[in-house]
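For reference, the structure is listed below as structure tokens.
Not measured: the values here are computed from a predicted model.
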Amino acid sequence: LVVTLAEAVKTLRSLRELTDQTARSLPALIEKADAAVSAVSTEVSRVSVVIDEIEGIAARLGHTVTAVHEAVNVPASVVAAAGERLRHVLRRATRSRATAGEERAEH
């Protein structure tokens, strides 16, 4: 019984020391964890700013691509439309001449 009580006292003293050490080191660990969380938060904010800038650049690039596309393709479509009109006018003129020639040949 005496040996068991002596062992219980030793165990309780070890437990007290462990608790004291934990109590002393815990605030330092909490401070380190807080500093780490703050650092991560700062980095996340920086990444967020970079992502916002990339999104802005992508939007401007999209507008630029659209403008270039329109600048390149609009003149081509205008030329194509003008060519189609010219071809239509030439066909009419050719038909008119052919019809006028046939009418002269009949008279």
Side-chain angles (χ1 to χ4, degrees):
L1 183 64
V2 174
V3 174
T4 305
L5 286 175
E7 289 298 319
V9 169
K10 284 182 186 179
T11 303
L12 288 173
R13 286 182 184 157
S14 293
L15 183 60
R16 181 186 294 161
E17 288 177 19
L18 179 63
T19 306
D20 290 344
Q21 288 174 354
T22 303
R24 283 191 300 266
S25 63
L26 193 59
L29 290 174
I30 290 173
E31 286 180 32
K32 287 179 182 178
D34 186 48
V37 168
S38 293
V40 168
S41 177
T42 300
E43 290 304 314
V44 167
S45 295
R46 288 180 187 165
V47 169
S48 178
V49 168
V50 169
I51 289 172
D52 289 344
E53 289 175 2
I54 289 171
E55 287 175 345
I57 290 168
R60 288 190 297 273
L61 183 60
H63 293 302
T64 301
V65 167
T66 301
V68 168
H69 179 358
E70 289 175 359
V72 169
N73 290 326
V74 168
S77 63
V78 169
V79 168
E84 184 63 31
R85 285 189 209 127
L86 180 60
R87 190 168 56 129
H88 184 67
V89 168
L90 290 175
R91 281 185 186 169
R92 287 164 99 197
T94 303
R95 287 182 190 155
S96 295
R97 285 184 188 162
T99 305
E102 289 174 6
E103 288 178 2
R104 285 186 204 148
E106 292 177 8
H107 288 289

Mind listing the side-chain donor-acceptor pairs of residues 58-65 below 3.5 Å, one per line with the distance, residues two or more places apart or on another chain?
from: T64; atom 1: OG1; to: R60; atom 2: O; distance (Å): 2.9

Output all residues satisfying side chain to side chain donor-acceptor pair (under 3.5 Å) with R24, sequence neighbours left out; order by chain, then residue number.
->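 R24 satisfies side chain to side chain donor-acceptor pair (under 3.5 Å) with no other residue.
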Please list, one pair per line, the donor and acceptor atoms closer than 3.5 Å that link side chains of residues 36-45 to other protein atoms, with sequence neighbours excluded.
from: S38; atom 1: OG; to: D34; atom 2: O; distance (Å): 3.1
from: T42; atom 1: OG1; to: S38; atom 2: O; distance (Å): 3.0
from: E43; atom 1: OE2; to: R46; atom 2: NH1; distance (Å): 2.8
from: S45; atom 1: OG; to: S41; atom 2: O; distance (Å): 3.1

Run the side-chain donor-acceptor check on residues 78-88: report pairs under 3.5 Å with partners two or more places apart or on a different chain.
from: E84; atom 1: OE1; to: R87; atom 2: NH2; distance (Å): 2.4
from: E84; atom 1: OE2; to: R87; atom 2: NH2; distance (Å): 2.9

Could you tabulate the donor-acceptor pairs under 3.5 Å formed by side-chain atoms of residues 1-21, not counting sequence neighbours?
from: T11; atom 1: OG1; to: E7; atom 2: O; distance (Å): 2.8
from: S14; atom 1: OG; to: K10; atom 2: O; distance (Å): 3.2
from: T19; atom 1: OG1; to: L15; atom 2: O; distance (Å): 2.8

Got E55 and D52 here, is their nearest side-chain heavy-atom distance under 4.5 Å?
->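 They are in contact (side-chain heavy atoms under 4.5 Å apart), so the answer is yes.
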Connected-component partners of V50 among ILVMFWY, side-chain separation under 4.5 Å |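 The other cluster members (ILVMFWY side chains, heavy atoms under 4.5 Å, direct or chained) are I54.
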